Amino acid sequence: MPETLSKEQFRLMDAYWRAANYLSVGQIYLYDNPLLKKPLDKEHIKPRLLGHWGTTPGLNFIYVHLNRVIKARDLSMIYITGPGHGGPALVANAFLEGTYSEIYPNISSDEEGMKQLFKQFSFPGGIPSHVAPETPGSINEGGELGYSLSHPYGAAFHNPDLIVACVIGDGEAETGALATSWHSNKFLNPVTDGAVLPILHLNGYKIANPCMLARISHEELDQLFRGYGYVPYFVEGDEPEKMHQLMASTVDRVIDDIKQIQSDARSRADAVERPRWPMIVLRSPKGWTCPKEIDGKRTEGYWRSHQVPMGEMHSNPAHVKILEQWMKSYNPEELFDQSGRLRAELAWLAPQGGRRMSANPHANGGLLLRDLRLPDFRDYAVAVASPGEATAEATRVMGRFLRDVMKLNLDSKNFRLFSPDENNSNRWQDVLEVTKRAWVADRFDYDDKLAPDGRVMEMLSEHQCQGWLEGYLLTGRHGFFSCYEAFIHIIDSMFNQHAKWLKVCNDIPWRRPIASLNYLLSSHVWRQDHNGFSHQDPGFIDPVINKKAQGVRVFLPPDPNCLFSVTHHCPRSRHSRGEQSKRSR
């Protein structure tokens, strides 16, 4: 097989990867002496070491290969990392692309800026160790694992030209939410939606234990993902030149597959069939390129590289020497000039402007957000001649309003409803007059309101509904989520993570406000003439009202007319989470 990369391309891409790895190690360890112009001393090392190395070199490896194909094919792509604790990688690549210095001028693209970049990482007054709102190009924090693959699908809905590359850690792959999200491919329409490229990163270990998917046979793993409906391509090894060539040819192949799937589907849009989308399985050593052993104990390719491979620096001079040798193994003098700037031949590898994954506008969705067209809610008012005379179901009338919101915004392609199989149960069925339920799996003649281009998202997983909606909102669109109050608790922690994300965004000027995440909770404790005790639990309101008032609104509309006013308000709000609750009369 001919090699995809020329010798010069390999040399440059490997150097770019080494530059990202160097910057990543520096963030974890260094306080000063960023280019190692002086012999490394304990005074140059942070007094407390925090961060995660194990996943980081793999994330950097993937990043440089995605950059190559973005630039070669002029692609619009964003990069979502499930191993969010690989924060050094995303920060390093944003710095190499120049985005970081554009957004944070105090972190200049030179030696002084590199020093500040290193110092701020996981340091008081600095930035978190995870991929956070402060990180350009990010929409997935990754602190709580399980949601990295549902976010990309939400981002890809109604984004036909976008490719969302998603790295799933093999530890995260053990969570229930992530396991279910593989089935999101049954909802992705190749005609109207973008593409998701899952990249399962098998580096073998969690904090102190092996990962299940890394300990089953190649055949079983291949069959598993084919059963999910994907075509897996394997990139496996630890020798850089071989791995670069294999990764380059594989990335070319999967992009060809994606483009062919979309071209075929869009040429016959009236007969959409579910494609088998490609994915990549990257098997590389945990902590790749760090010392193979430290103090006689296995480090590279083992769980000991998960966080900080050497923690005792100030009391162990031998570790300082090991760190210096490790960082010098990347040959920083070949990567950065005397001023600390990335050498021009390497800087040329990165895409430009909004094609940089760290600067793609889809990862700062407020830039793309457009107001919804809304009907006058007063036109839907229930006439009440005198108290107690009118009878109406609040959410059934609300459903008529949402039907017309959907109708007014069909051409804008920026509004969807999400529900775990409860859209009709919650009396929003009228919206199906203007759209259908999204469905790209098999369909039968007697099916009710299923279509590939449907805008009602129903999957019996609260995790997926929440994750899809978050991804949809974070890339500049609008939506509502309806759920029974007893089961919305399944996403309590997801709500908390999203609320924290938005709270931080309020203090980041370059993060543009996104549309609010709107909940409608039904099947309430005070009205249980059908489901009974199993469906009773009003406690979701507790974590909601624990958040600051600047980001949260809780509404308890007692009748349809109050609910209309609330429903009209929520889609017009920004950066907030409004919980709507209804009482039927």
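All of these numbers come straight from a predicted model, not from anything done at the bench. Note that the numbering runs from 1 along the sequence shown for the chain.
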TODO: Walk me through it: do Val164 and Leu197 pass the test side-chain contact (heavy atoms from CB on, under 4.5 Å)?
DONE: CA-CA 6 Å; Val164 188; Leu197 174 58; over 6 Å; no

Open item on the list: Are Tyr205 and Tyr302, when compared by the centres of their aromatic rings, separated by less than 6.0 Å?
Closed with: yes

Open item on the list: For Trp53 together with Trp326, are the ring centres under 6.0 Å from each other?
Closed with: yes

TODO: Would you tell me whether His158 and Tyr472 have side-chain atoms, one donor and one acceptor, within less than 3.5 Å of each other?
DONE: yes

Task: Ring centre gap for Tyr153 and Phe187 strictly below 6.0 Å - done: no

- [ ] Taking atom NZ of Lys321 as the centre, report whether more than 12 heavy atoms of other residues, nucleotides or ligands fall under 6.0 Å from it.
- [x] no

TODO: Give a yes or no on whether Glu8 atom CD has more than 12 heavy-atom contacts from other residues, nucleotides or ligands under 6.0 Å away.
DONE: yes

Open item on the list: Side chains of Ser493 and Glu144: any donor to acceptor distance under 3.5 Å?
Closed with: yes

Open item on the list: Just checking Lys42: does its NZ atom have more than 12 heavy atoms from other residues, nucleotides or ligands closer to it than 6.0 angstrom?
Closed with: no

Task: Flag for Tyr16-Trp348: side-chain donor and acceptor within less than 3.5 Å - done: no

Task: Sole candidate of Thr55, Thr56, Asn21 that passes side-chain contact (heavy atoms from CB on, under 4.5 Å) when paired with Pro88 - done: Thr56

Task: Beyond-backbone contact of Lys500 with Leu502, side-chain heavy atoms, under 4.5 angstrom - done: no

Task: Pairing of Glu102 and Arg356 as salt bridge, 4.0 angstrom limit - done: yes

Open item on the list: Using 0.5 Å steps for rounding, measure from the CD1 atom of Ile199 to the CG atom of Leu282.
Closed with: 8.0 Å

Open item on the list: Parallel, tilted or perpendicular: which one describes the rings of Phe234 and His218, with boundaries at 30° and 60°?
Closed with: tilted

TODO: Please determine if Arg298 and Glu293 form a salt bridge, counting it only when a charged side-chain N lies under 4.0 Å from a carboxylate O.
DONE: no

- [ ] Compute whether any side-chain donor of one residue and acceptor of the other, for Thr192 and Asn189, lie under 3.5 angstrom apart.
- [x] yes

Open item on the list: Strictly below 4.0 Å, N to O, side chains only: are Arg11 and Glu345 in salt-bridge contact?
Closed with: yes

Task: Test item: side-chain donor near acceptor, His201 and Ser284, under 3.5 Å - done: yes

TODO: Consider only side-chain N and O atoms of Asn60 and Asn93, and report whether a donor and an acceptor are under 3.5 Å apart.
DONE: yes

- [ ] Return yes if a side-chain donor-acceptor contact under 3.5 Å exists between Lys286 and His306, otherwise no.
- [x] yes

Open item on the list: Under a 4.0 Å threshold between the charged nitrogen and the carboxylate oxygen, would Lys115 count as salt-bridged to Glu111?
Closed with: no

Task: Ser148-Glu172 side chain donor-acceptor pair, cut-off 3.5 Å - done: yes

Open item on the list: Under a 4.0 Å threshold between the charged nitrogen and the carboxylate oxygen, would Asp256 count as salt-bridged to Arg73?
Closed with: yes

Open item on the list: For a quick check under 3.5 Å, do Thr81 and Asn140 share a side-chain donor-acceptor pair by atom type?
Closed with: no

Open item on the list: We want to know whether Thr99 and Ser358 form a side-chain donor-acceptor pair, criterion being a heavy-atom distance below 3.5 angstrom.
Closed with: yes

Open item on the list: For a side-chain contact (heavy atoms from CB on, under 4.5 Å) check, start with the C-alpha distance between Phe225 and Leu200, then their side-chain angles and the critical distance, and finish with the verdict.
Closed with: CA-CA 10 Å; Phe225 289 108; Leu200 175 64; 3.6 Å; yes

Open item on the list: Using a 6.0 Å cut-off, check whether atom CD of Glu239 has over 12 heavy atoms from anything other than its own residue.
Closed with: yes

- [ ] Could you check whether the rings of His52 and His130 sit parallel, tilted or perpendicular, using 30° and 60° as the cut-offs?
- [x] perpendicular

Open item on the list: A quick test of your reading: do over 12 heavy atoms of other residues, nucleotides or ligands sit less than 6.0 Å from CZ of Arg355?
Closed with: yes

Task: NZ-CG distance between Lys46 and Leu50, expressed to the nearest 0.5 angstrom - done: 8.0 Å

TODO: Verify whether one side chain among Gln116 and Gln120 offers a donor that lies under 3.5 Å from an acceptor in the other.
DONE: no

Task: Heavy-atom pair of closest approach, residues Ser184 and Trp468 - done: OG-NE1, 3.0 Å

Open item on the list: I need the single residue from Ile294, Ile45, Leu36 that forms a side-chain contact (heavy atoms from CB on, under 4.5 Å) with Leu323. Which is it?
Closed with: Ile45

TODO: Could you label the plane-to-plane angle of the Phe61 and His244 rings as parallel, tilted or perpendicular, counting under 30° as parallel and over 60° as perpendicular?
DONE: tilted

TODO: Specify whether Tyr228 and Trp182 have parallel, tilted or perpendicular ring planes, treating 30° as the upper limit for parallel and 60° as the lower limit for perpendicular.
DONE: parallel

Open item on the list: Go through it in stages, so that I can follow the logic: the residues are Asp252 and Arg68, the test is salt bridge (Lys or Arg N to Asp or Glu O under 4.0 Å), and I'd like the CA-CA distance, side-chain angles, deciding distance and then a yes or no.
Closed with: CA-CA 10 Å; Asp252 279 348; Arg68 181 188 71 87; 2.9 Å; yes

- [ ] Could you tell me whether Glu334 atom CD has more than 12 heavy atoms of other residues or ligands within 6.0 Å of it?
- [x] yes

Task: Distance, nearest 0.5 Å, that separates OG of Ser138 from OH of Tyr79 - done: 13.0 Å

